[in-house]
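Accompanying notes for the structure given below.
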There are 2 protein chains.
Amino acid sequence: MLVSAFLTSVGINVGLCILLLSLYSILKKQPGNVNVYAPRIAAEERAKERGSLERFVPSAGWILRAWRASEDEFLEVAGFDAYVFLRIYVFSLRIFSFAAAIGVFVLLPINYFGKDFSDIPNQSLDSFTIANVQSGSKRLWVHFCAVYLISGAACCLLYLEYRGIAAKRLAYFYSSPPQPNHFTILVRGIPKFDQYSMSDTVEEFFTQYHPSTYLSHQMVYHTGKVEALMHEAEMLYKKVLQLKEKPRFQRQHQREGFLGLFGSKVDPVDHYTKKLENVEENVRSGQLDFLQKKKEVPAAFVSFKSRYGATVASKIPQSTNPLLWVTKLAPEPQDVYRPFLSAPYLQRWISRFVVMVAVFFLTILFLVPVLFVQGLAQLDQLEKFLPFLKKILTTKVISQVITGYLPSLILLLFMKTVPPIMMLFSAMQGSVSNSGKQKSACIKVLYFTIWNVFFATVLSGSAFSQLDNFISNPKDIPRKLAVVVPGQATFFITYVLTSGWTGLSVEITRLFPLIVDFFRRHFSNSIEDDDCAPTFPYHQDLPKVLLFGLLGFTYSLLAPLILPFLLIYFSVGFIMYRNQMLNIYLPRFETSGQYWPIVHNCTIFSLIFMQIITIGIFGLKKLPLASGLVIPVTIITLLFNNYCGKRFL
Amino acid sequence: MLVSAFLTSVGINVGLCILLLSLYSILKKQPGNVNVYAPRIAAEERAKERGSLERFVPSAGWILRAWRASEDEFLEVAGFDAYVFLRIYVFSLRIFSFAAAIGVFVLLPINYFGKDFSDIPNQSLDSFTIANVQSGSKRLWVHFCAVYLISGAACCLLYLEYRGIAAKRLAYFYSSPPQPNHFTILVRGIPKFDQYSMSDTVEEFFTQYHPSTYLSHQMVYHTGKVEALMHEAEMLYKKVLQLKEKPRFQRQHQREGFLGLFGSKVDPVDHYTKKLENVEENVRSGQLDFLQKKKEVPAAFVSFKSRYGATVASKIPQSTNPLLWVTKLAPEPQDVYRPFLSAPYLQRWISRFVVMVAVFFLTILFLVPVLFVQGLAQLDQLEKFLPFLKKILTTKVISQVITGYLPSLILLLFMKTVPPIMMLFSAMQGSVSNSGKQKSACIKVLYFTIWNVFFATVLSGSAFSQLDNFISNPKDIPRKLAVVVPGQATFFITYVLTSGWTGLSVEITRLFPLIVDFFRRHFSNSIEDDDCAPTFPYHQDLPKVLLFGLLGFTYSLLAPLILPFLLIYFSVGFIMYRNQMLNIYLPRFETSGQYWPIVHNCTIFSLIFMQIITIGIFGLKKLPLASGLVIPVTIITLLFNNYCGKRFL
């Protein structure tokens with residue numbers, strides 16, 4: 001990529017960011033937008049107090065407010081998972097500041113003066129990468145030292161971070177008041193005996209084997225449709241209440257018939273009241289039906305007199321058949337995910353297998369749109385396939401937009417659909433808690449992102465046919481990666497700009513919820529949900545941050561130019577997500593820090609990947625000694641990971 | 001290999017077997033050999049009663065006696081590990097009878113009439129293998145059905161076997177009386193506080209956290225040399241006692257000086273009595289020293305009032321730092337392996353890593369002697385390298401001995417050195433029990449055997465240079481295996497003859513212990529050890545049996561001729577090991593059935609390996625549809641393994 005095209009991309013993204021951030025600081029002050037920007041805070045009075053002129057002046061006060069909250073306040077308001085999420089930014093800032101110092105002040109000059117002196121604008125950005133250094137040059141030993149320094153620093157920081165989080169997590173547990181779920185375990189796989197009800201079986205089992213600690217139990221029942229009907233009735237009730245508060249002329253009249261499009265116009269209050277009565281009737285008959293039948297499900301929540309008792313019962317195998325009397329600590333009440341509470345082991349096992357296969361194929365087949373995007377990214381290929389567009393494509397502005405901006409934008413839009421799909425898959429996998437579901441989806445999206453964004457881009461951008469070669473020649477992987485990875489440096493810098501910078505501004509401006517909220521308030525009768533504060537989509541944002549980490553490590557040696565852009569991303573992201581966590585997202589359920597092992601493993605993977613590429617690079621650059629001397633640091637990194645696994649598990 | 005050379009090998013081995021077995025049935029009846037053949041039974045009187053002529057007639061009574069023992073008797077006498085070991089023979093007999101029925105009556109005729117009709121003796125044994133079937137032949141679908149049938153039968157039998165062993169294991173646990181180790185846990189990583197002794201720390205910790213179940217504890221101390229001295233004193237004491245019982249003229253007089261070769265002759269009783277007094281003096285001073293210092297080690301055995309309490313304490317993490325207060329159920333008193341009781345976590349971790357590296361290199365470098373053996377196996381190569389031996393080598397008898405017998409014999413001798421080496425490695429790995437040490441050595445020897453006997457033979461016999469190709473082209477593995485594996489069928493049949501048949505006869509005749517015992521009794525003063533019954537070397541024999549299983553599965557389709565030989569091995573082996581377990585080996589420590597998961601996993605590996613080779617074979621024989629249709633059965637086998645892992649863990 002030429003420097004000029006690159007600068008265009010930087011310009012567009014910086015412009016977009018500034019625009020969106022200004023918009024945010026203005027929109028945030030509008031009293032009507034409280035539901036969008038501060039749904040957690042009953043901030044209406046404060047918003048009203050402000051002068052009308054001040055409301056339209058961009059300001060940076062929110063940054064200060066986000067910064068000012070102390071750690072304990074933050075933990076209390078945002079929960080432990082949010083704390084862990086922000087620690088990724090802190091860790092990334094630390095390690096990439098260090099890497100950037102080495103990269104920009106030491107490696108970049110070496111790369112740039114590797115071959116010749118020429119003026120910048122007409123030159124390709126590749127002259128800043130390691131590809132510009134001559135083969136066999138003694139200067140490459142500087143890169144070699146950098147591998148050791150960065151790996152060592154990363155391991156130290158990872159250790160400190162893990163230790164800090166483990167200590168914080170303990171403190172958080174100790175300080176939190178006892179909750180019902182601490183005393184309760186979830187028992188599944190309760191055997192069915194003909195003459196007894198399952199409830200009796202559970203009672204007998206636990207009074208026999210845990211006589212001193214067993215307190216009581218609650219069976220899980222098949223509720224059938226009653227639960228859904230109850231929810232519907234609740235929503236209708238709220239709607240009717242809100243409509244009644246409005247003056248009659250403000251109510252939008254509605255047609256009775258199909259989809260509200262046909263039939264005679266009626267007052268919405270009457271319409272919904274009638275509907276509510278119908279639903280209530282159904283609920284009553286459903287409840288009666290339920291009480292008569294009481295369909296038991298082989299699952300129960302068993303409560304103990306002490307936390308110790310519950311822990312013991314959850315840790316110790318209860319039966320000689322490990323598929324019966326399966327115990328685990330119960331999730332928090334609001335975290336329970338019901339659909340799979342009753343599923344027998346075999347069903348969960350099969351559905352897990354089916355989901356794994358589905359995820360695998362989704363991950364592999366997703367390459368098709370990525371390939372299409374890569375086709376767009378390369379201007380000459382576009383011209384070849386669409387010759388009639390040649391005139392437009394050769395226009396300077398358009399060609400620069402296409403090469404610099406479009407590919408990553410299209411990729412971004414495609415990627416948006418993946419987290420919900422993976423969440424659906426995880427839901428089918430038989431998790432019993434929402435947090436477990438989200439964590440599992442997070443891992444799936446992470447694999448997906450690393451494969452489809454990073455590897456597919458690297459392979460297809462340079463030569464997609466190499467994928468097959470890759471699988472059939474594992475020994476040559478380092479060498480081949482060393483050929484193809486540096487070539488995609490500029491693409492990933494623009495990716496940081498689009499997906500990172502602009503993505504952050506879009507996130508903070510919340511454009512989509514803003515539009516939805518606008519329409520809801522002005523054009524529909526839908527009610528204002530009391531708890532409209534959303535939960536934070538970890539499964540969507542965490543893999544993205546980790547991908548930037550992977551990019552940072554991979555390119556810190558090859559093309560250190562990416563590091564300053566990443567540093568800006570991480571520092572802005574830290575403040576922004578702090579703001580979002582404090583004002584917008586409500587932690588409804590918690591994994592209490594279980595995301596950190598994912599982060600840790602992914603960072604170790606990134607480090608190892610960086611080292612493998614370095615082995616290949618030194619091989620290509622005819623420095624076999626350096627190539628061989630990188631292997632010890634790889635082994636040490638793996639040992640370090642093993643140690644951390646034992647130490648902090 | 002020609003049929004005639006093969007028949008020579010069969011002849012030699014059958015002859016050896018008959019000779020050794022006759023020898024066994026005679027030697028067994030000699031009263032002097034009780035220590036070798038029935039060290040567990042005080043059978044002297046019975047032996048003396050027999051007439052002197054009968055003593056020298058070969059008989060098969062021992063087979064009946066081995067067969068007659070009931071399962072419960074066997075369990076009581078031989079222990080649960082021996083039971084599990086014999087179940088491998090039962091399982092192998094069942095599955096390979098089934099496979100042999102298919103192989104010999106269906107596949108063998110198809111293979112043999114695959115191309116042409118010619119007389120047997122001048123033909124190569126390869127005409128009995130699948131290589132003889134023409135490409136694209138419809139007859140290969142019979143082989144395809146056989147894959148499904150054998151895989152299905154193997155999975156069913158594996159499941160039944162696993163279920164049976166799990167049930168038996170439970171029954172064995174329930175029936176055994178409570179032992180001290182059931183109430184005791186081993187605690188390691190006890191933290192050291194300056195003002196307290198570790199013993200106080202342990203007492204305080206367990207009275208605080210397990211007040212209702214904690215009973216007492218026993219610290220582990222650094223005994224220094226006292227323990228070794230005590231052992232030496234005991235041995236000397238026994239020796240003196242035995243010598244005093246002998247009449248004076250039978251005692252072999254001994255010289256006082258270096259190695260008993262120089263100095264004046266003395267009566268051995270005086271000599272050893274003096275020595276014993278010296279040692280006793282040392283022991284007393286050592287004990288005094290020990291009592292004064294009491295060097296505590298951060299490990300302790302903690303006893304509880306109930307088995308439940310001990311189990312709870314061993315299963316629940318005791319500290320927020322998983323490297324402190326590490327608990328596990330204590331091994332049986334006679335099973336404790338002391339050297340690593342006190343090792344801190346980091347030391348164990350490092351030594352485990354070092355051992356892993358050492359085992360890896362031993363496994364890889366062992367290829368060198370195997371290569372040499374393979375060179376011997378191929379007559380034409382020998383002639384090329386040693387032209388002066390040409391005359392001898394072309395002699396019919398010698399050439400047949402060399403091709404049919406020598407290679408596997410040399411391999412066998414080399415292999416004999418491996419189990420002790422692996423045992424040494426496992427000892428350095430930080431195990432706290434002898435049984436754990438042996439189990440870990442067993443896994444190491446298994447990997448070693450499969451790699452060095454099976455893969456190295458397969459690869460180097462046909463084309464050793466393919467190994468490199470193999471690593472760099474994983475996609476072509478099935479196809480390449482399909483080329484090289486069938487070529488080694490005859491080698492492995494002779495391996496079954498040498499290592500299997502003759503190995504069994506050598507094992508039952510106990511030639512080496514017989515010779516040692518003979519020399520000990522006639523030429524030395526060494527004492528008769530009371531407990532000279534050896535423990536069964538599972539780490540040496542189990543991998544061998546599993547290798548035969550692998551051979552059976554791999555060649556059941558390719559060269560079914562191996563199956564009858566295997567069946568004979570398994571049936572003779574079953575009876576022989578039953579005899580050995582009942583009469584010779586004493587179960588000093590037990591893993592109580594932990595060998596079965598190893599057997600299970602290895603069998604699954606063999607199945608998958610067979611299926612992969614079949615995929616390659618069908619690819620080579622131009623039946624891509626059949627090749628593809630084998631993949632489902634591979635997936636089902638893997639799922640089955642996963643299910644068993646969950647169900648029986």
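Chain letters run A, B, ... following the sequence lines, proteins first, then strands; residues in each count from 1. Quick caveat: nothing in here was measured; it's all calculated off a predicted structure.
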Worksheet item: Given the options A:Thr311, A:Asn321, A:Thr320, which has more heavy-atom pairs under 4.5 Å with chain B than any of the others?
Response: A:Asn321
Item to complete: Evaluate whether atom NZ of B:Lys305 has more than 12 neighbouring non-hydrogen atoms of other residues, nucleotides or ligands under 6.0 angstrom away.
Response: yes
Fill in: Minimal non-hydrogen separation, A:Pro317 against B:Lys315, with atom names
CD-CE, 4.5 Å
Worksheet item: Where do A:Trp349 and B:Leu639 come nearest, in terms of heavy atoms and distance?
Response: CZ2-O, 3.0 Å
Discussion item. Less than 4.5 Å to any heavy atom of chain B: does that hold for the side chain of A:Ile350, its backbone, both, or neither?
Written reply: neither
Fill in: Spatial distance of atom CZ (B:Arg647) from atom CG (A:Leu323) [nearest 0.5 Å]
5.5 Å
Worksheet item: For A:Ser314, what residues pass the side-chain hydrogen bond (donor to acceptor under 3.5 Å, both in side chains) criterion, not counting sequence neighbours?
Response: none
Fill in: Neighbour count >12 (heavy atoms, 6.0 Å) for atom OH, B:Tyr447
no
Discussion item. Please check if the number of heavy atoms outside A:Tyr345 that lie under 6.0 Å from its OH is greater than 12.
Written reply: yes
Item to complete: Would you mind checking which part of A:Tyr643 comes under 4.5 Å of any heavy atom in chain B, side chain (CB onward), backbone (N, CA, C, O), both or neither?
Response: both
Could you go through residues 163-171 of chain A and list every donor-acceptor pair under 3.5 Å that involves a side-chain atom there, pairing it with any protein atom two or more places apart or in another chain?
{"residue": "A:Lys168", "atom": "NZ", "partner": "A:Glu71", "partner atom": "OE1", "Å": "2.6"}
{"residue": "A:Arg169", "atom": "NE", "partner": "A:Ser592", "partner atom": "O", "Å": "2.7"}

Discussion item. For A:Ile635, which atoms come within 4.5 Å of any heavy atom of chain B: side chain, backbone, both, or neither?
Written reply: side chain
Discussion item. Using heavy-atom distances under 4.5 Å, tell me whether B:Leu638 contacts chain A through its side chain, its backbone, both, or neither.
Written reply: neither
